[in-house]
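We're numbering straight along the sequence, starting at 1. Whatever order the structure lists them in is the order used to number ligands and atoms, beginning at 1.
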Amino acid sequence: MVKGLAELCIKSGEEQPEVCTGILNNYVPIIVDVLIQSDFTPTELCGYFKICSDYGSDNQDIVKERQQSSFSNPHAVGSTKKEYKDITTQEPLVKNLKTNSTIGYFLQLTDIHFDPDYKVGSNPNCGRPLCCRDGTGDAGVIGHYLCDIPLSTVQLIFNHLQTLTDQIDFIIWTGDNPPHNVWEQSQTQQEFATQTLAQLILKTFPNTPVFPVIGNHEAYPSDQYVLPNTQWLLDSLYTYWMPWLDTDALESVKEYGYYTTLLRPGLRVMCLNTLENDMINFYNLLPTYLKGPNNQSDWMINTLEQAEGNGEKVLILGHIPCTVKSASTDQWCAMYEQVVSQFSDVIVGQIYGHTHYDQFNVFSDVETHTKPTGMNYIAPSMTTYQNHEPGYRIYEFDYSTNQIINYYQYHANITDANKSGQITFDLIYSAKELYNLPDLTPASWYNLATQMKTNTTLFMDYFTNLSSSPDKESCDQSCQTKWVCQIFGITSTEFDKCYGV
Ligand SMILES: *[C@@H]1O[C@H](CO)[C@@H](O)[C@H](O)[C@H]1NC(C)=O
Ligand SMILES: *[C@@H]1O[C@H](CO)[C@@H](O)[C@H](O)[C@H]1NC(C)=O
Ligand SMILES: *[C@@H]1O[C@H](CO)[C@@H](O)[C@H](O)[C@H]1NC(C)=O
Ligand SMILES: *[C@@H]1O[C@H](CO)[C@@H](O)[C@H](O)[C@H]1NC(C)=O
Ligand SMILES: *[C@@H]1O[C@H](CO)[C@@H](O)[C@H](O)[C@H]1NC(C)=O
Ligand SMILES: CC(=O)N[C@H]1CO[C@H](CO)[C@@H](O)[C@@H]1O
């Protein structure tokens with residue numbers, strides 16, 4: 001099959017021969033193995049991959065059944081037999097705040113995707129999924145908008161980030177560390193990326209707590225995750241994340257890839273392993289009796305219940321968010337949305353990455369979608385891939401109310417950086433000022449996003465920052481509707497209803 005498909009792929013001229021062969025060699029064996037054992041029908045598969053929006057009421061039932069077998073009903077929580085660890089006695093990881101007031105700051109780094117094989121002066125338009133590695137061209141000394149960033153640039157970025165040490169209380173590192181050379185990946189390459197960045201973060205911020213998150217690119221092949229096959233991945237995260245996490249959290253990482261830990265007294269982080277609900281993790285097509293139940297939803301609900309009982313607030317950290325174009329399965333997102341609704345008083349925010357775009361999602365009650373229940377912040381990437389200015393984000397946090405009260409988005413200009421050989425970051429906007437928000441509650445964002453449906457001036461503020469592309473792109477009415485529907489559409493059914501398809 002690999003040979004036949006490779007021939008077709010090469011003939012199509014869409015990809016270069018080594019890319020065709022590389023990608024097919026990586027993924028076809030997994031897909032074939034999974035499809036043989038899967039009992040999904042073609043129609044169900046089409047629905048699963050969000051290709052068919054309407055896959056019939058019969059199939060909806062099957063999907064629902066399947067949903068119930070792999071995710072337990074959040075309302076039937078107490079009934080799960082699994083014993084969960086008592087998390088009410090943990091020591092907070094963030095011991096000292098940097099300021100004496102109740103207002104503090106934390107840094108989010110996401111989608112760094114550095115390329116150790118980046119070559120200055122190579123060809124950025126090579127026709128493969130990732131370039132700037134060979135040939136001749138204008139791949140700059142700092143980077144190029146069509147490529148991942150070189151390691152030397154990551155080093156310069158961390159030299160700059162070091163100046164934030166006295167300001168930030170902790171760091172959220174939302175994953176995706178290796179480059180996008182998906183046709184020639186290896187386990188060693190993925191591990192090297194996480195190891196290198198972990199060392200760099202630790203060296204730059206030796207005394208700052210860090211909350212790391214697993215990204216889909218940490219897996220090899222990218223996105224493919226099932227236990228026990230990918231135990232190596234959890235083992236390596238256990239090793240590289242060791243400097244920052246407590247024993248309970250580390251044990252959880254080794255076993256599941258997710259963890260919870262106390263951040264400050266009364267404030268908890270809950271860090272998810274979103275590979276378990278990655279739509280292009282083909283292992284998700286295995287029947288439950290082969291892949292095991294997705295225990296993460298039960299764990300998530302149990303954690304939130306314990307936090308609630310203990311009077312704590314929870315910050316959710318994850319990589320692949322629940323937005324239609326981001327490759328989270330609909331089954332997961334439907335469940336997740338329900339949980340966010342149910343625990344809207346406990347969850348104080350969701351911090352994600354993955355899309356490389358500067359986006360946000362507003363969650364609302366599942367019954368009527370009129371009562372805002374939660375906010376998901378999706379920060380843009382550090383890599384320039386593809387056509388993004390590298391960025392990082394600083395959130396302003398009020399520890400007295402446990403609320404995110406603002407965030408500040410920083411970007412670098414690669415054209416300028418290539419000229420000077422230095423990279424500098426400028427404040428691009430502060431959320432509160434840019435959108436003229438009274439506060440950053442879900443209700444205020446809901447209001448703003450609702451206005452964006454019809455107010456093009458307002459929408460364009462969101463849109464220009466969304467892609468942080470050096471090329472100014474235009475966006476017509478249907479484009480505007482599409483992006484606004486992504487803010488509200490947590491599942492594809494909701495998105496389709498909003499977008500009118
Ligand atoms: C998930 O939960 C079930 C039922 O409690 C348990 O038998 C199974 O071992 C768990 N799976 C994992 C990966 O922990
Ligand atoms: C906090 O208070 C201490 C003692 O009053 C003072 O030395 C320190 O400079 C203050 N720090 C900040 C960031 O204001
Ligand atoms: C630097 O970056 C810009 C933007 O990607 C690019 O156009 C330019 O050719 C790069 N290379 C050099 C050597 O300046
Ligand atoms: C649209 O938003 C802009 C910017 O926030 C505001 O100044 C303007 O009054 C709004 N227009 C309408 C018609 O509401
Ligand atoms: C980056 O800087 C160049 C040269 O200073 C400028 O022409 C360009 O518009 C800037 N890019 C962005 C996206 O601001
Ligand atoms: C990168 C970018 O386009 N940033 C823009 C974000 O939005 C504000 C307000 O429209 C602009 O001033 C920034 O240039």
For side chain to side chain donor-acceptor pair (under 3.5 Å), just list the numbers for Asn447 and Thr450, CA-CA rounded to whole Å, side-chain angles, deciding distance to a tenth of an Å, and then say yes or no.
CA-CA 5 Å; Asn447 212 346; Thr450 306; 5.5 Å; no
Is at least one protein non-hydrogen atom found at under 4.0 angstrom from atom 5 (O) of ligand 4?
yes
Determine, counting only non-hydrogen atoms of the protein, whether one lies under 4.0 angstrom from atom 14 (O) of ligand 4.
yes
In terms of atom number and element, which parts of ligand 4 are under 4.0 angstrom from non-hydrogen atoms of Leu458?
2 (O), 5 (O)
One pair to check against side chain to side chain donor-acceptor pair (under 3.5 Å): Tyr105 and Tyr407. What are the steps and the verdict?
CA-CA 9 Å; Tyr105 298 89; Tyr407 74 76; over 6 Å; no
Should Gly143 be listed as contacting ligand 3, given a heavy-atom distance under 4.0 Å as the test?
yes
Phe488 six-ring centre to Lys453 NZ/CZ under 6.0 Å and within 45° of normal:
yes
Steps toward side chain to side chain contact (heavy atoms under 4.5 Å, CB included) verdict (Tyr258, Val253):
CA-CA 5 Å; Tyr258 51 73; Val253 166; over 6 Å; no
Ligand-residue contact atoms, ligand 5 with [X], heavy atoms, under 4.0 Å:
X      : value
Glu389 : 12 (C), 13 (C)
Asn413 : 1 (C), 2 (O), 3 (C), 8 (C), 10 (C), 11 (N), 12 (C), 14 (O)
Asp416 : 2 (O), 3 (C), 4 (C), 5 (O)

For the ring pair Phe360 and Tyr462, is the centre-to-centre distance below 6.0 Å?
yes
Phe363/Trp445 aromatic ring centres below 6.0 Å
no
Determine whether the interatomic SG-SG distance for Cys20 and Cys9 falls below 2.5 angstrom.
yes
Which residue holds the protein heavy atom closest to atom 11 (N) of ligand 4, what is that atom called, and what is the gap in Å?
Asn455 ND2, 2.9 Å
The protein heavy atom nearest to atom 3 (C) of ligand 3 is Asn418 ND2, 3.4 Å
Quick one: does Thr457 get an N or O within less than 3.5 Å of an N or O on ligand 4?
no
Taking the inter-plane angle between the rings of Phe106 and Tyr395 on a 0 to 90° scale, is it parallel (under 30°), tilted (30 to 60°) or perpendicular (over 60°)?
parallel
Any nitrogen or oxygen of Asp138 lying under 3.5 Å from a nitrogen or oxygen in ligand 3? Just yes or no.
yes
Which atoms from ligand 3 have a heavy atom of Tyr145 less than 4.0 Å away?
4 (C), 5 (O)
If you count the atoms of ligand 3 from 1 in the order shown, which ones are under 4.0 Å from a heavy atom of Thr415?
4 (C)
For Asn436, does the CG atom have more than 12 heavy-atom neighbours from other residues, nucleotides or ligands under 6.0 Å away?
no
